[in-house]
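Every chain is numbered from 1 and lettered A, B, ... according to where its sequence line falls, protein lines coming before strand lines. Just so we're clear, the structure is a prediction, and the values are computed from it rather than from any experiment.
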Amino acid sequence: MDFADTQDETAFREKARSFLAENAENKANAKRTNGTGWNKDEALAAAQLWQAKKFDAGFAGLTMPTEYGGQGLSPIMQVIYHQEEADYVTPRGVYEIGLGMCIPTMFAYATEAQKQRFAKPALRGEEIWCQLFSEPAGGSDLAGLRTRAERDGNADDANWVINGQKIWTSGAQFSDYAILVARSDFDVPKHKGLTFFFLSMKSPGIEIRPIKQVSGAANFNEVYFTDVRIPDSQRLGAVGEGWKVSLTTLMNERFAVGIAPAPDFEEVFDLVRDTELEDGPALDNALVRDRLADWYVRQQGLRNAHFRTMTALSKGGTPGPESSINKVVSAVKYQDISFFGTDMQEMAGIITDPEIAAMDGLFQTGVLSSPGYRIAGGTDEILRNIIAERVLGLPQDVRLDKEGAFRDLPTGRD
Amino acid sequence: MNFEFNDDQRMLRDQARRFLLDKSPPAVVRETLETDQAYDKDLWRQFGEMGWLGAAIPEVYGGSGLGHLELCVIAEELGRALAPTPFASSIYLGAEALMTAGSEEQKQSYLPDIATGAAIWCLALSEGPRPATEKNITTSVSDGKLSGEKLPVADGDIADRAIVVAKDGAADGALAGLYIVDLNGAGVERTTVDSVDPTRSQARLVFRDAPAEKLGDEGWPLLERIQDRAAVLMAFEQVGGAEVAMEMAKEYAMGRYAFGRPIAGYQAIKHRLADMYIQTELARSNCYYGAWALSTDAAELAVAAATARVSATEAYHFASKENIQIHGGMGFTWEFNCHLYYRRSRNLALALGSQRRWKDRLIRALERRNAA
Ligand SMILES: Cc1cc2nc3c(=O)[nH]c(=O)nc-3n(C[C@H](O)[C@H](O)[C@H](O)COP(=O)(O)OP(=O)(O)OC[C@H]3O[C@@H](n4cnc5c(N)ncnc54)[C@H](O)[C@@H]3O)c2cc1C
């Protein structure tokens with residue numbers, strides 16, 4: 001058991017370090033950003049610039065194959081890069097879905113020519129992807145989706161026509177491409193009637209309406225489809241096998257979504273060190289110390305569990321459902337730390353104005369953003385079900401939706 | 001980076017697990033629970049023969065010289081099996097203290113007997129129901145004679161020697177030091193006291209001018225370093241115990257039917273088991289980091305040890321109490337084994353000081369690291 005880098009790893013770490021030092025701002029010197037959302041043009045431009053820089057310097061798509069513009073490195077190198085990047089302020093979010101979920105799904109199911117066409121622009125940040133999964137009828141119950149995919153004609157390779165609605169689609173407003181799962185057959189059982197596609201978000205018939213979130217930002221959207229045409233060549237997986245393809249995406253999602261953003265332990269520790277309570281420095285307060293310790297051991301537990309997962313990966317394993325732990329623990333920690341951070345500011349904790357609020361309002365932003373993390377990418381409850389069923393092997397919940405035609409299932413809306 | 005135990009270590013784990021399933025099943029643990037026997041002598045002798053006691057003790061001092069990672073592997077298995085022996089007292093505390101601070105002569109004269117199991121050691125720190133702090137210690141030493149009272153001392157009734165924390169001189173503000181006292185010698189009176197977990201013995205030790213031999217030059221800082229080492233090892237026991245409690249709860253929930261199906265199918269139960277899994281995995285991961293810090297004497301040891309301990313204490317606490325809950329009435333019977341883990345979890349959580357103090361200690365270590 002050791003943390004010593006191998007020679008290759010040392011070399012890579014040095015390279016990452018100098019790239020970051022030259023191109024990004026160290027957190028120690030930076031003013032904190034407080035989550036203004038993605039809509040600001042500058043934020044998007046900054047993210048694109050950063051992604052292109054990463055690509056040019058050889059730090060994008062670290063574990064993706066070199067023939068598609070990736071670096072073909074082992075997962076350990078990815079960990080090393082993330083470790084180093086954690087000390088710097090870098091734009092995050094815009095590419096996570098595309099590079100974390102959409103492109104890996106393309107790698108698993110797209111043709112060679114499609115992989116050649118789409119991987120590199122995604123890695124360079126020139127094309128942004130989004131994920132058209134959730135619908136008003138169900139997010140947790142994804143397979144309950146009702147967006148309709150119909151063949152345009154009877155030919156075996158006839159193109160498809162899409163009608164329906166998706167919701168909560170992050171980044172749809174500025175995305176170029178998307179992966180989509182839709183229902184191609186309403187007469188077979190629920191999980192057997194789905195088909196998976198990718199498509200251009202500029203396709204005629206797509207209408208995008210932003211949804212304002214609790215945080216005030218509008219990162220996610222409703223997406224409406226009216227007779228949107230998709231060539232059959234953009235189908236991923238067989239007709240009716242969309243559920244299986246979705247699981248590939250979701251597996252990668254659990255791995256990609258990972259750790260919630262700041263404030264984490266470091267930030268709350270900083271805050272506490274600068275806070276004076278009624279009876280002296282906050283750091284001397286026993287209750288404060290107790291909470292700090294709880295968050296530290298959770299944060300470290302996740303970090304160390306990640307090292308274990310990565311060790312397994314570098315020996316040829318695949319990311320298992322264990323990574324669900326990451327999301328469950330870090331999202332709740334994010335929310336709790338945010339609440340506690342506003343508590344530390346007493347009555348003024350209610351103020352969001354970054355000129356007034358401690359640390360530019362980081363904790364207030366957390367209060368308003370953290371609920372979304374407990375929902376996005378699988379809710380706390382669904383992830384616990386996944387751990388219980390797939391890791392521990394416990395029985396599934398009682399299900400009334402496994403048999404019979406999808407169109408006959410109760411929806412509560414009839 | 002390689003953040004896993006290697007093949008040899010995993011083989012050792014498998015061997016240890018098989019051995020303990022055979023030699024330390026619940027029936028054996030219950031012998032110690034239900035009789036006056038303080039520990040399982042037979043088991044203890046075999047631990048010595050197999051080289052487990054001396055796993056981290058260098059060969060020159062009679063150990064098997066395997067290393068601390070191997071000792072961690074063994075600790076986890078002892079925790080799973082609830083092995084009723086003074087392993088923690090004698091090895092995690094006694095042997096570690098000697099290896100950390102003993103003079104060459106002390107190591108040569110004491111470690112070989114610890115490695116065979118011929119001698120049992122313990123740590124005498126607490127002086128009753130109040131936090132053991134340097135200020136609170138009243139036991140003192142003058143002219144090489146130690147006097148005072150220690151309570152509770154884990155395995156104090158069966159140990160041959162104790163490392164006693166005592167003040168150098170009776171003056172107010174005197175600093176604490178560590179002393180070795182022969183418990184079979186003059187000036188020592190010991191009585192067994194009842195505890196929540198009778199599978200590990202607890203004693204009251206009264207010293208009246210007992211001859212004492214100094215261990216190491218530092219006092220309290222040395223004690224904390226020894227506790228850090230023991231905390232990592234004990235955390236492995238805690239994780240081992242937590243995992244068994246989780247397995248028991250799972251197995252019972254799968255087989256117990258209510259309202260027409262296994263209770264394991266109800267989310268209130270499923271999610272609790274998922275939480276046990278989450279907590280145990282986090283604790284295990286923190287233990288691995290602790291094991292690394294312990295085996296390499298890393299500067300991070302204080303932080304890593306407190307992190308491992310706090311999360312392992314939490315995981316074991318949760319798994320052992322919810323294991324009883326998931327068993328329903330059966331879980332509350334003497335006959336079912338749930339309470340063995342529940343008892344042990346409380347024992348280990350208190351053995352090196354309360355969760356509250358370890359959290360405080362963790363933050364202290366982080367403050368020090370930040371200041372550096
Ligand atoms: C910030 C954000 C970004 C998102 N981005 C995207 C995106 O880019 N693309 C996309 O496709 N989707 C996206 N989503 C949607 C997200 O995946 C869904 O919101 C989520 O899966 C929950 O689905 P739902 O909203 O329909 O809630 P529901 O599924 O209706 O859940 C409501 C409540 O019921 C609980 N529940 C549901 N089923 C069960 C069950 N079987 N057992 C116990 N409890 C249950 C849930 O845990 C939850 O508490 C995003 C969501 C958020 C908040």
Side-chain angles (χ1 to χ4, degrees), chain A residues 1-6 9 76 79-80 83 265-266 269-270 272-273 283-284 286 288-294 296-312 314-315 322 324-326 328-329 380-381 383-398, chain B residues 1-6 9 69 72 246-247 250 253-254 260-262 264-267 269-279 281-292 295-296 298 303-304 306-312 314-315 355-356 358-364 366-367 370:
Chain A
M1 189 177 289
D2 69 67
F3 286 91
D5 288 340
T6 62
E9 289 163 2
I76 292 298
V79 178
I80 291 174
Q83 279 171 350
F265 176 79
E266 284 72 17
F269 196 41
D270 274 356
V272 163
R273 278 186 300 185
L283 192 50
D284 293 347
V288 171
R289 295 171 79 83
D290 183 87
R291 302 296 305 275
L292 287 178
D294 281 339
Y296 186 77
V297 304
R298 278 174 183 62
Q299 181 201 47
Q300 295 300 301
L302 292 178
R303 185 192 75 132
N304 292 324
H306 188 61
F307 289 145
R308 289 173 59 210
T309 304
M310 284 300 170
T311 302
S314 72
K315 291 180 180 159
E322 297 90 288
S324 301
I325 292 180
N326 244 339
V328 178
V329 174
D380 285 2
E381 292 75 22
L383 292 180
R384 281 192 170 76
N385 261 9
I386 289 176
I387 292 169
E389 292 171 15
R390 303 221 197 116
V391 182
L392 299 176
L394 304 182
Q396 290 204 336
D397 293 354
V398 171
Chain B
M1 182 183 65
N2 179 10
F3 201 52
E4 263 305 333
F5 287 108
N6 66 26
Q9 287 155 354
L69 291 179
C72 289
M246 173 174 75
E247 288 161 10
K250 178 185 145 179
M254 298 283 276
R261 62 191 306 244
Y266 296 108
Q267 283 193 358
I269 304 287
K270 281 167 84 165
H271 289 190
R272 211 163 311 172
L273 282 161
D275 284 333
M276 285 186 195
Y277 176 77
I278 291 171
Q279 291 196 21
E281 281 301 294
L282 293 185
R284 169 179 295 287
S285 303
N286 284 333
C287 280
Y288 280 22
Y289 190 63
W292 166 80
S295 67
T296 56
V303 170
T307 303
R309 173 159 177 92
V310 168
S311 56
E314 186 180 336
Q355 182 77 330
R356 182 183 62 79
W358 276 93
K359 286 182 172 180
D360 181 66
R361 199 159 156 168
L362 170 59
I363 300 303
R364 245 197 301 139
L366 289 169
E367 286 176 81
N370 247 284

If one checks every heavy atom of A/V398 against chain B at 4.5 Å, the contacting part turns out to be both
Should B/R356 and A/D290 be marked as a salt bridge (charged side-chain N to carboxylate O under 4.0 Å, His left out) after you check the CA-CA gap, both sets of side-chain angles, and the distance that decides it?
CA-CA 7 Å; B/R356 182 183 62 79; A/D290 183 87; over 6 Å; no
Practice problem: Please report the C-alpha distance between B/E4 and A/R308 in whole Å, then the side-chain angles of each, then the deciding distance to 0.1 Å, and finally whether the side-chain contact (heavy atoms from CB on, under 4.5 Å) criterion is met. | Solution: CA-CA 7 Å; B/E4 263 305 333; A/R308 289 173 59 210; 3.9 Å; yes
The reported gap from OG in B/S285 to NE2 in A/H306 (rounded to nearest 0.5 angstrom) is 11.5 Å
Max heavy-atom pairs within cutoff under 4.5 Å with chain A, candidates B/K250, B/M276, B/R361, goes to B/K250
### Task
Establish, from distance only, whether the side-chain atoms of B/H271 and A/D380 form a donor-acceptor pair under 3.5 Å.
no
Closest non-hydrogen contact found for B/A274 with A/A388 is CB-N, 4.3 Å
So, the part of B/I269 with a heavy atom under 4.5 Å from chain A: the answer is neither
Find out whether the Lys NZ or Arg CZ of A/R384 is both under 6.0 angstrom from the six-membered ring centre of B/Y277 and within 45° of the ring's axis.
no
### Task
Determine, step by step, whether A/Y296 and B/K359 satisfy the side-chain contact (heavy atoms from CB on, under 4.5 Å) criterion, reporting the C-alpha distance in whole Å, the side-chain angles of both residues, the deciding distance to 0.1 Å, and the verdict.
CA-CA 10 Å; A/Y296 186 77; B/K359 286 182 172 180; over 6 Å; no
With chain B, the option among A/N385, A/L292, A/D294 that has the most non-hydrogen atom pairs under 4.5 Å is A/N385
If you tally heavy-atom pairs under 4.5 Å between each of B/Q267, B/R272, B/M254 and chain A, the highest tally belongs to B/Q267
Under 4.5 Å to a heavy atom of chain A? For B/E314 that would be side chain
Pair count under 4.5 Å, heavy atoms only, with chain A: among B/T307, B/L282, B/N286, highest is B/N286
Item checked: side-chain contact (heavy atoms from CB on, under 4.5 Å) between A/L283 and B/I363, worked out -> CA-CA 9 Å; A/L283 192 50; B/I363 300 303; 4.0 Å; yes
- Does the side-chain contact (heavy atoms from CB on, under 4.5 Å) test come out yes or no for A/N304 and B/Y288, once each step is laid out? CA-CA 8 Å; A/N304 292 324; B/Y288 280 22; 6.0 Å; no
With the side chain counted from C-beta on, respond yes when B/L362 and A/R289 share a heavy-atom pair under 4.5 Å apart, and no when they do not.
no
Counting N and O atoms only, with roles assigned by atom type, does the side chain of A/T311 sit under 3.5 Å from a partner on the main chain of B/F3, one being a donor and the other an acceptor?
yes
Per-residue tally against chain A (heavy atom, under 4.5 Å) across B/V310, B/T296, B/L69, B/D275 peaks at B/D275
The interface call for B/D360 against chain A, heavy-atom contacts under 4.5 Å, is both
**Message:** A side-chain contact here means heavy atoms from C-beta on lying under 4.5 Å apart; do B/K270 and A/E381 qualify?
**Reply:** no
